[in-house]
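Here the structure is laid out as structure tokens; the discussion comes afterwards.
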Amino acid sequence: MRTRVVGAAIVRGGRVLAARRTRPAEAAGRWELPGGKVEPGETAEHALVRELDEELGVDVEVVRWLAGVVPVGERHELAAALVRIAGDAEEPEPRDDTHDRLRWLGPDELDEVDWLEPDRPFLAEIAAELRSAGPSLRAVFFDEDDAVLVARRLRHDGYDAAVERERLAGEDDDEDHPWAVLTDAPAVAVELLVDEHDGWLDLEDGAEHPGPAAGSPLDLPTQPRRIKRP
Ligand SMILES: Nc1nc2c([nH]c(=O)n2[C@H]2C[C@H](O)[C@@H](COP(=O)(O)OP(=O)(O)OP(=O)(O)O)O2)c(=O)[nH]1
């Protein structure tokens, strides 16, 4: 019988978290849904909660399992679940030696990373789930502390918000890059926090999604795409 491996599609702010593996050599540098093997006597759900605590330092709740189970090599099989981070204040970060980088990916960015083969069959369902979550705005800050505080505040107010290090397309090194908060909160709510924390609103993502009905007073301007607050 194959050993079950469980992977978590952690969804926050209309994005899913992808993690880059460091081992074994053949999987190093490739991306996966963080998780690991179910131990004897353990439920799949418990294994996922345990692995995410160990690997990323977050407490998660399983929302639902995605369709299908995919063979991994000769001896394992992968199941994947949609999960959410239970604590409003928690930010995932690599805690052990399994991953060296994390990225939050929107539904149109899923093909920007090199996923391990067994994960690919789950991507269509993940993309559909992210699209159903609605448009996402991006607020940018120079300091990580500001981004974390703003995300925490938005989650406290009932919105979904994720923090990620900004980087330019194709770049691997995130030194000196600002921090972004990705959220489904409306622009008016995010603008207030952006002013308070010396950031700016990047409307690029919001503009890609269908906005409010044409003629609505909430129609977002398409230019300028970046508004720098004084
Ligand atoms: N965790 C995880 N493993 C995956 C995914 N896709 C995929 O092919 N795998 C493979 C990589 C590994 O060969 C195997 C899981 O091993 P693992 O190293 O994550 O599990 P673990 O933490 O329990 O491992 P260990 O302590 O026994 O080393 O499944 C995925 O999305 N998540």
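Order of appearance sets the numbers: ligands from 1, and atoms from 1 within every ligand.
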[X] with [Y]: basic N within carboxylate O range, under 4.0 Å:
{"X": "D59", "Y": "R84", "result": "no"}
{"X": "D114", "Y": "R21", "result": "no"}
{"X": "D160", "Y": "R12", "result": "no"}
{"X": "E74", "Y": "R2", "result": "no"}
{"X": "K37", "Y": "E77", "result": "no"}
{"X": "R4", "Y": "E42", "result": "no"}
{"X": "E91", "Y": "R152", "result": "no"}

Side chain, backbone, both or neither: which part of [X] has a heavy atom under 4.0 Å from ligand 1?
{"X": "T98", "result": "neither"}
{"X": "R23", "result": "side chain"}
{"X": "L33", "result": "both"}

(message) Quiz question for you: does at least one protein heavy atom lie closer than 4.0 Å to atom 13 (O) of ligand 1?
(response) no

(request) Could you tell me whether atom 26 (O) of ligand 1 has at least one protein heavy atom nearer than 4.0 Å? (result) no

Just jot down the ligand 1 atoms closer than 4.0 angstrom to any heavy atom of [X], in number order.
{"X": "G35", "value": "1 (N), 19 (O)"}
{"X": "E51", "value": "21 (P), 22 (O), 23 (O)"}
{"X": "V5", "value": "1 (N), 2 (C), 3 (N), 15 (C), 29 (O)"}
{"X": "P118", "value": "8 (O)"}

Looking only at non-hydrogen atoms, which of [options] approaches [atom] most closely?
{"atom": "atom 23 (O) of ligand 1", "options": "E26, R4, K37", "value": "K37"}
{"atom": "atom 19 (O) of ligand 1", "options": "R30, E77, R21", "value": "R21"}
{"atom": "atom 3 (N) of ligand 1", "options": "E55, E32, E39, R75", "value": "E32"}

How close does the nearest protein non-hydrogen atom get to [atom], and which residue and atom is it?
{"atom": "atom 9 (N) of ligand 1", "result": "L116 CD1, 4.0 Å"}
{"atom": "atom 6 (N) of ligand 1", "result": "D119 OD1, 2.7 Å"}
{"atom": "atom 10 (C) of ligand 1", "result": "V72 CG1, 3.8 Å"}

(message) Any donor-acceptor pair under 3.5 Å linking the side-chain atoms of E32 with those of H99?
(response) yes

(request) Apply the test side-chain contact (heavy atoms from CB on, under 4.5 Å) to residues W65 and V6: give CA-CA distance (whole Å), side-chain angles for both, the deciding distance (0.1 Å), then the verdict. (result) CA-CA 10 Å; W65 290 90; V6 287; 3.7 Å; yes

(request) Work out which heavy atom in P92 is nearest to a heavy atom in I85; give both atom names and the distance. (result) CD-CD1, 3.8 Å

(request) For E117 and ligand 1, answer yes if some heavy atom of the residue is under 4.0 Å from a ligand atom, otherwise no. (result) no

